Visitor: 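Quick one: the structure is below, and I'll ask about it shortly.
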Amino acid sequence: MSFDNDILKSMYVKMLLMRKFEEKVAQLFSEGMIHGTMHLYVGEEAVAAGVCTALGDHDVITSTHRGHGHSIAKGAGLTGLMAEMLGREAGCCKGRGGSMHFADFAGGNLGGNGIVGGSQSIAVGAALAAKMKKTGGIAVCFFGDGAANEGSFHEAANMASVLKLPVLFVCENNLYGMSMPLSRSMNISDIAVRASAYGFPGRTVDGNDATAVYRAAEDARDYVKQNGPMLLVCNTYRISGHSKSDTNVYRTQREIDAWQAKDPVLRMAAFMLKNGFSQAALDEADETAARDIESAVAAALQSPYPDARTVLDGVYA
Amino acid sequence: MGALMRQITYANAINEAMSEEMRRDGNVFLMGEDVGVYGGAFGVSAGMLDEFGAERVIDTPISEAAIAGTAVGAALCGMRPIAEMMFSDFVTIAMDQIVNQAAKMRYMFGGQVSVPMVLRLAGGSGTGAAAQHSQSLEAWFCHVPGLKVVVPSTPCDAKGLLVSAIRDDNPVIFVEQKVLYKETGGVPEEEYSIPLGKADIKRRGSDVTLVAYGRMVPLCLRVAEDFATQGVSVEVVDPRTLVPLDTETLTASAKKTGRVLIVHEACRTAGFGAEIAALIAGSAAFSRLKAPIMRVCGLDVPIPFSPGLERAAVPTPERVAEAIRVLLK
């Protein structure tokens, strides 16, 4: 299967930025520089990279509480994201949103969501708008295996189906809803079968293989544009804990190690080496990504905290 | 002029507001349960499917959370949805989308976006629909920063306020009154709008101020009429929108009469009347008060089915009159 080199490079760079962004914010958190909590995307990078690289300019996404990767993959500016983590005025949401609420409306990211399942029907509405305005775009709804058990999923999937809307539901199955394993939260192992209940196709892909995700998302996008909704389940694993409070008591180190061996970033690098990229080219991409993250931190730290006197700015009711 | 004005129903006035705005702006559309061929459970959207087609008058599955969420998503992407909750009680299923999503987005996303949507709710008791189809839940929404809340009491107000709500760039909870749908009133032929946040003095008076909204306004006007024959001058102030609230008109009236009675159908405890009472008590009107501020509200009880019980659960003209007499003592 041949791949366009630019697409491979683009996906790899996104994955490197996602990984390095998470490593950097974890470090800043441990240094006391970041307030609150955060939900890291480490181990799941192939999903956002594969899906978002397959999207066009008119396509929009909705994101989740674990949304740093979606934002980066959809092309949001790194300084705005880093400044948001640091609670600064230069943040993408001016420091009002924080880690769970990254958004980039100009770039087609309709925002992260602190409510599990909160974005599913919002994506349906975005697809309705695309259909009514004839933009030709689709709406991609990222959600997790946990959110597949929310009633909102049922309502949104059915609504999208009966209205024949261009929604691609992308389920990032990372096997846990916080500490609750998939095996105990549903009595099926393949989430994609749920699509059949709504009369649209469901497909499962190896969510640690960026190229497979890209191909599946490309096909799904074509399908969705022509026919209406589809469910794409990307099986992956959250290598980092649920949030900063997680002590991993609900899973074994052996399990984590086994998934670490399937690290999607390393896997992508190996694929690229086999497909004509040199180690030097990969190293260069790595160094560039590291520099980009460092510059984002430096620029973000230049930005002031919002003035407390502006707390009511933007309130209309 | 008033005598010459055409008379239409509250339901028709709402229909006109939606239809006119849909003619004016291609981004406005209506969605909800049975809003299309059925014309809405209360006939409010009758005829709209014929004029605008199924693409803009969208019958949805019975999925209140997805109705609200679809409206939010469409609003984020440049549309101006009007979403209907057949009975306001069903909004409980849609609360995440209203409270956590629509209300938060503009602020939480740093002003990148606004959410221009109207959620129309058919509220209130009086139809024998019992506990799960009769509530007045407006105070819930007033408690959430980011939502505007409108409760119109006349056909004229319903039309003018709904036009403003549809044109507003932010989420508006528009609480309609089921028992008023068939009531008629004068509504101008020509296009008009009524700004949100502007109270209306429905009757001028000097002895007592009644603050009432929604279906309590016509009830209070009838009571005021009775008192007029006894030489008591009752002012009836209708805030019309609870958020934003026209605090000036309310406090000015309280200052003028020195006696305030707040009347709402919603349950008393933590109802919006408490907010109005606190507002007046904390204003310059306080020193002019000749009596404690009073409230006549719905009882703290689920709305019962049997007609006599249902009537007893919400304010009656007798309870309002009795409270006025206490204030005048």
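Chain letters run A, B, ... following the sequence lines, proteins first, then strands; residues in each count from 1. Since we're looking at a predicted model, the values are computed, not measured.
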Visitor: Would you mind checking which part of B:Pro244 comes under 4.5 Å of any heavy atom in chain A, side chain (CB onward), backbone (N, CA, C, O), both or neither?
Guide: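 The answer is neither part of B:Pro244.
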Visitor: Measuring heavy-atom distances to chain A, does B:Leu196 have an atom under 4.5 Å in its side chain, in its backbone, in both, or in neither?
Guide: neither
Visitor: Could you measure the distance from the CD atom of B:Gln97 to the CD atom of A:Gln120? Nearest 0.5 Å is fine.
Guide: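 Between B:Gln97 CD and A:Gln120 CD, I get 9.5 Å after rounding to 0.5 Å.
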Visitor: Tell me whether B:Gln101 contacts the main-chain N or O of A:Ser119 through its side chain, where contact means a donor paired with an acceptor under 3.5 Å.
Guide: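 Between the backbone of A:Ser119 and the side chain of B:Gln101 there is no qualifying donor-acceptor contact (under 3.5 Å).
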Visitor: Do the side chains of B:Arg106 and A:Val315 get nearer than 4.5 Å, heavy atoms only?
Guide: no
Visitor: Heavy-atom distance under 4.5 Å between the side chains of A:Leu128 and B:Phe29, does that happen here?
Guide: yes
Visitor: Can any side-chain N or O of B:Gln112 pair as donor or acceptor with the backbone N or O of A:Ala103 at less than 3.5 Å?
Guide: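 Present.
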Visitor: Which bit of B:Ala103 comes within less than 4.5 Å of chain A, counting heavy atoms only: side chain, backbone, both or neither?
Guide: backbone
Visitor: Do the side chain of B:Tyr107 and the main chain of A:Arg96 share a donor and acceptor less than 3.5 angstrom apart?
Guide: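 No; judged by distance alone, with no hydrogens or angles, the pair does not exist.
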Visitor: Between A:Asp313 and chain B, which part of the residue has a heavy atom less than 4.5 Å away: side chain, backbone, both or neither?
Guide: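 Only the backbone of A:Asp313 comes within 4.5 Å of chain B.
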Visitor: Working to the nearest 0.5 angstrom, can you tell me the gap between A:Met132 CE and B:Arg56 CZ?
Guide: 6.5 Å
Visitor: How long is the straight-line distance from CE of B:Met108 back to SG of A:Cys93, given to the nearest 0.5 Å?
Guide: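 If we round to the nearest 0.5 Å, A:Cys93:SG and B:Met108:CE are 7.5 Å apart.
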Visitor: What distance do B:Cys77 atom SG and A:Phe105 atom CZ have between them, rounded to the nearest 0.5 Å?
Guide: 7.5 Å
Visitor: If you round to the nearest 0.5 Å, how far is NE2 of A:His101 from NZ of B:Lys104?
Guide: 9.5 Å
Visitor: Would you compute the distance between atom CD1 of A:Ile115 and atom CG of B:Asp96 and round it to the nearest 0.5 angstrom?
Guide: 5.0 Å
Visitor: Non-hydrogen atoms of chain A under 4.5 Å away: do they reach the side chain of B:Ala83, the backbone, both or neither?
Guide: neither
Visitor: In terms of heavy-atom proximity below 4.5 Å to chain A, should B:Asn27 be classed as side chain, backbone, both, or neither?
Guide: side chain
